[in-house]
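Order of the sequence lines fixes the chain letters, A, B, ..., with proteins taken first and strands second; residue numbering starts at 1 for each chain. Reckoned from all heavy atoms, side chains included, excluding hydrogens, waters and symmetry mates.
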Amino acid sequence: MIRPPTPPKGDGAGTAPGPNPPDRPTMSSSDRPVVTRIAPSPTGSMHIGTARTALFNWLYARHHGGTFLLRIEDTDRERSTEAAVQVILDGLAWLGLEPDAPAVFQFARADLHRQVVHDLLAKGRAYRCYMTIEELAAERERSRAEGRAIRSPWRDQEAPPGSNLPFTVRFKGPLQGETVVNDLVKGPVTFRNRDLDDLVLLRSDGAPTYNLAVVADDHDMGITHIIRGDDHLNNAARQSLIYRAMDWPIPAFAHMPMIHGPDGAKLSKRHGAQAVGEFADMGYLPEAMRNYLARLGWGHGDDELFSDAQAIAWFDVKDVVSAPARLDWNKLNHVNNHYLRLADDQRLADLVAEAMNRQGRATEPDDLQKLLSVIPLVKDGAKTILELRDLCAFVLAHRPLTLDAKIIAMLDAETRERLERLSLALRDEAAWTPETLLARLREFVTAEGVGLGKIGAPLRGVLSGGAPAPDLASALTALGREESLGRIADALSQLR
RNA sequence: GGGCCCUUCGUCUAUCGGUUAGGACAUCAGAUUUUCAAUCUGGGAAGACGGGUUCGACUCCCGUAGGGCCUACCA
């Protein structure tokens with residue numbers, strides 16, 4: 001693939017005749033300090049693809065010592081709610097990708113957008129279109145059948161008809177030549193201008209549209225690099241035309257591939273999760289998400305597990321892969337397990353308690369302390385906080401434990417007697433550490449003339465009641481002497 | 001229908017004309033073993049297809065097939 005040099009010299013797009021015409025001098029985006037932005041629309045959830053785009057924008061800004069901004073694209077009044085805005089704010093905060101300035105709300109800037117439309121109209125680069133919904137639908141059908149872009153008859157019709165007819169304002173794009181978007185990840189992408197329709201700038205109710213607002217805001221906010229999803233690549237050409245019409249420098253574009261589900265189809269709820277809040281609820285750590293998401297569609301040699309500092313040092317949009325990627329739960333789990341091992345136990349204890357509460361299980365005052373004692377013993381085997389929660393649950397159980405049939409079946413007379421003797425042997429174990437307990441266990445089975453397996457399974461059952469538990473010595477350690485011996489005694493008296 | 005993007009193991013990726021095509025996850029086998037897990041060792045697994053260009057192509061060009069995005073008075 002042919003790629004432009006990075007950072008790009010000059011504009012991110014050019015207009016024909018030639019693919020890279022000698023432009024009039026405009027300020028180059030690369031001369032300015034880097035400013036990136038994430039511009040989600042508040043629709044109720046924050047898609048994981050949006051999260052990754054945010055991450056890439058954040059990494060790029062950090063790498064260049066630039067600024068990372070947030071703009072809420074709330075021009076669609078029907079769908080935008082305050083709650084939905086909060087979801088975005090919470091999502092970014094959870095991911096640790098907070099913007100360097102307060103969020104900019106697009107709808108609040110409608111006056112600025114209208115001013116741009118006014119300027120475009122004055123320059124003759126926009127026109128009022130009086131097509132009705134029906135006429136538009138008919139034209140859409142015609143154009144589709146003819147395989148061409150939609151055209152409005154009002155494009156070249158100066159005189160408006162009646163005075164009070166509703167109209168939209170459309171951009172008056174060139175019909176000849178071509179527009180090339182010098183995308184930082186795709187390379188130069190050429191569009192014939194005649195394939196680009198005249199997009200609506202102002203709705204008939206006077207509200208600015210996305211394609212206008214995005215250009216006006218990105219310019220006004222001084223965005224130098226537009227890093228966004230692949231789905232906007234087509235828009236980039238038409239947006240470039242607006243920059244040009246306004247005599248604004250064109251920012252550098254970098255279109256990220258999409259994230260698909262494991263089956264290659266568009267990622268949806270069906271694939272298990274799609275919103276960042278869902279990943280949080282499923283027990284993934286934000287640092288694991290950052291690492292995994294960064295690795296999905298971007299690479300730095302064979303590096304798989306890396307810190308934020310490394311990602312920032314290494315990140316470059318030219319290393320972003322151009323093909324869409326599929327979400328792989330196995331790999332996410334692996335990465336999450338890695339960060340679970342690294343995580344502070346106190347933090348994990350809090351998260352586990354929180355997960356238990358969400359499950360409807362109230363935690364008691366000394367539970368946190370108990371969790372703290374097991375977590376280091378079991379976290380290596382957990383892929384998520386939810387799994388960790390289940391792995392920890394046995395310590396919090398209250399005596400007497402209810403034993404399931406499988407465990408009761410193991411407790412025959414011989415085993416019960418042996419457990420009795422083991423209990424006695426453990427009673428005076430002074431140190432009560434995994435090491436000493438394991439040694440004591442081994443001594444015991446040797447003295448009994450049996451293998452560890454003979455006593456291990458029933459002991460485990462009695463200690464955990466059938467819930468998952470770590471190895472015997474660890475389980476005993478986590479439970480403590482009193483609780484451990486108590487649970488054994490409970491079981492023995494229960495079956496006597 | 002039209003425009004645009006994409007195509008290396010099952011998955012994420014490395015390779016920037018010359019490699020036994022590397023790594024990670026998953027998987028399989030073995031070791032260990034007190035269930036599960038963890039851990040250790042080893043194995044299998046890829047350039048969509050067809051044409052070019054070239055001494056030489058996964059790498060460059062063209063075509064085909066497949067997938068995706070856009071084609072809104074949504075963003």
Side-chain angles (χ1 to χ4, degrees), chain A residues 1-3 39-43 73-76 78-80 106 129 131 133 136 140 143-150 166-170 181 183 185-186 189-192 194-197 199-211 213-214 229-238 255 257-258 260 262 264-266 292 295-305 321-335 337 341 378-383 387 391 406 438 441 445 451-461 464 466 468-473 475:
Chain A
M1 175 185 298
I2 305 159
R3 285 179 172 140
S41 57
T43 53
E73 311 252 303
D74 55 352
T75 53
D76 183 344
E78 304 276 306
R79 291 196 291 174
S80 302
Q106 190 159 63
C129 170
M131 288 175 92
I133 304 290
L136 198 56
R140 201 186 330 274
S143 63
R144 197 185 171 91
E146 291 168 27
R148 58 167 177 80
I150 288 178
F167 61 87
T168 60
V169 176
R170 284 183 184 272
V181 174
D183 192 272
V185 353
K186 307 285 185 195
V189 182
T190 305
F191 297 84
R192 284 184 309 250
R194 65 176 153 89
D195 291 330
L196 273 18
D197 59 19
L199 35 82
V200 173
L201 269 17
L202 223 50
R203 300 186 178 95
S204 53
D205 64 357
T209 60
Y210 163 77
N211 276 297
V214 82
D230 232 355
D231 48 340
H232 290 286
L233 182 55
N234 290 286
N235 287 333
R238 298 188 297 180
H255 290 94
M258 313 290 279
H260 290 159
K266 190 175 179 142
Y292 175 72
R295 197 63 191 74
L296 196 60
W298 171 77
H300 182 267
D302 285 339
D303 296 301
E304 298 286 348
L305 271 0
V321 174
S322 51
R326 301 180 184 199
L327 183 73
D328 181 19
W329 293 102
N330 284 321
K331 189 123 179 201
L332 209 209
N333 284 336
H334 172 76
V335 173
N337 172 260
R341 289 166 184 247
V378 300
K379 67 178 183 180
D380 284 6
K383 292 190 281 286
E387 281 192 11
L391 255 19
K406 220 170 106 191
L438 182 60
L441 243 22
V445 294
L452 239 188
K454 203 70 182 166
I455 195 74
L459 210 212
R460 175 192 301 280
S464 75
D471 66 270
L472 290 176

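- Residue A:Gly297 is in sugar-phosphate contact alone, with no base atom involved, counting any heavy-atom pair closer than 4.0 Å across all strands shown.
- Within 4.0 Å of A:Leu201, counting heavy atoms only, lies no atom of the nucleic acid at all.
- Atom OH of A:Tyr210 is separated from atom C1' of B:rC70 by 12 Å (rounded to the nearest Å).
- One can place CG of A:Leu391 at 12 Å from C1' of B:rU35, the figure rounded to the nearest angstrom.
- Here A:Arg326 does not reach the OP1 or OP2 of B:rA26: none of its side-chain N or O atoms lies under 4.0 Å away.
- Heavy atoms of A:Asn235 sit under 4.0 angstrom from at least one base atom.
- The residue A:Phe191 sits close only to the backbone: its heavy atoms come under 4.0 Å of sugar-phosphate atoms, none of a base.
- Both A:Pro468 and A:Thr209 sit near RNA chain B, but only A:Pro468 has its closest nucleotide nearer the 5' end.
- Using a 4.0 Å heavy-atom cutoff across all strands shown, A:Pro262 reaches no nucleic acid atom at all.
- Residue-level contact check: A:Ala237 touches neither bases nor backbone, having no heavy atom under 4.0 Å from any strand.
- Counting atom types as modelled, A:Asn234 pairs a side-chain N or O with a base atom of B:rG3 as donor and acceptor under 3.5 Å.
- Nearest nucleotide to the A:Asp230 side chain, out of B:rC6, B:rA75, B:rC5: B:rC5.
- A:Leu472 comes within 4.0 angstrom of a nucleotide base, judged by non-hydrogen atoms across all strands.
- Using atom C1' as the reference point in both B:rG2 and B:rU8, the two lie 31 Å apart (nearest Å).
- Summarising the base pairing, B:rG47 is matched to no nucleotide, lacking a Watson-Crick or G-U wobble pair whose two defining distances lie under 3.5 Å.
- Heavy atoms of A:Glu304 sit under 4.0 angstrom from at least one base atom.
- B:rC62 and B:rU53 have their P atoms separated by 15 Å, given to the nearest Å.
- Which of B:rG1, B:rU34, B:rC69 sits closest to the side chain of A:Met258 comes down to B:rC69.
- Nucleic acid contact for A:His255: none, since no nucleic acid atom lies under 4.0 Å from a heavy atom of the residue.
- Look at B:rC4: its Watson-Crick or wobble partner, with both distances under 3.5 angstrom, is B:rG68.
- Look at A:Arg170 and you'll find a side-chain N or O under 4.0 angstrom from OP1 or OP2 of B:rC73.
- Using atom C1' as the reference point in both B:rG10 and B:rU19, the two lie 24 Å apart (nearest Å).
- For B:rC5, the base has no donor-acceptor partner in the side chain of A:Lys186 [N/O atoms by modelled type, under 3.5 angstrom].
- On the C1' atoms, B:rC12 is 16 Å away from B:rU27, given to the nearest whole Å.
- Whole-Å rounding puts the A:Met131 CE to B:rA72 C1' distance at 13 Å.
- Across every strand in view, B:rC58 sits unpaired, with no contact that passes the Watson-Crick or G-U test at under 3.5 angstrom.
- Closest approach of A:Val185 and A:Asp183 over heavy atoms only: N-OD1, 2.8 Å.
- Across the P atoms, B:rC16 and B:rA26 are found 28 Å apart, a figure rounded to whole Å.
- Contact check for A:Arg194 versus A:Arg148: no side-chain heavy atoms found under the 4.5 Å cut-off.
- For the C1' atom pair drawn from B:rC6 and B:rA48, the interatomic distance equals 12 Å after rounding to whole Å.
- Nucleotides of RNA chain B nearest to A:Asp302 and A:Glu146 differ in position, and the one nearer the 5' end is that of A:Glu146.
- Taking atom C1' in both B:rC49 and B:rG30, one finds a spacing of 40 Å when rounded to whole Å.
- Distance, A:Leu327 CG to B:rG10 P: 19 Å, rounded to whole Å.
- Rounded to a whole Å, the CD1 atom of A:Ile150 is 10 Å from the P atom of B:rU71.
- Rounded to whole Å, the separation between the P atoms of B:rG18 and B:rA72 comes to 45 Å.
- Closest approach to the A:Glu73 side chain among B:rU34, B:rA75, B:rC5 is made by B:rA75 (side chain taken as heavy atoms from C-beta onward).
- One interatomic measurement links the two molecules: CZ of A:Arg460 to C1' of B:rC36, which rounds to 8 Å at whole-angstrom precision.
- With a cut-off of 3.5 Å on both Watson-Crick or G-U wobble distances, the partner of B:rG30 is given as B:rC40.
- Residues A:Leu305 and A:Val335 form a side-chain contact, since some pair of their non-hydrogen atoms from C-beta on lies under 4.5 Å apart.
- A:Leu296 comes within 4.0 angstrom of sugar-phosphate atoms only, judged by non-hydrogen atoms across all strands, and of no base.
- The residue A:Asp471 sits close to a base: some heavy atom pair falls under 4.0 Å.
- Residues A:Asn234 and A:Phe191 meet the side-chain proximity criterion, which asks for heavy atoms closer than 4.5 Å.
- Between A:Thr75 and the phosphate of B:rA75, there is a side-chain N or O to OP1/OP2 separation shorter than 4.0 Å.
- With a 4.5 Å cut-off on side-chain heavy atoms, A:Leu472 and A:Leu441 count as touching.
- Counting to the nearest Å, the P atom of B:rC73 and the CG atom of A:Leu202 are 13 Å from each other.
- For B:rC73, its base never sits under 3.5 Å from the side chain of A:Thr168 at any donor and acceptor pair.
- Contacts of A:Arg341 with the nucleic acid, taken as non-hydrogen atoms under 4.0 Å apart, involve only primed sugar atoms and P, OP1 or OP2.
- Note that CG of A:Asn333 is 9.5 Å distant from OH of A:Tyr292, once rounded to the nearest 0.5 Å.
- Checking the phosphate oxygens (OP1, OP2) of B:rA72, a side-chain nitrogen or oxygen of A:Arg140 falls inside 4.0 Å.
- Searching all strands for a Watson-Crick or G-U wobble partner of B:rA21 with both distances below 3.5 Å returns nothing.
- The residue A:Pro324 sits close only to the backbone: its heavy atoms come under 4.0 Å of sugar-phosphate atoms, none of a base.
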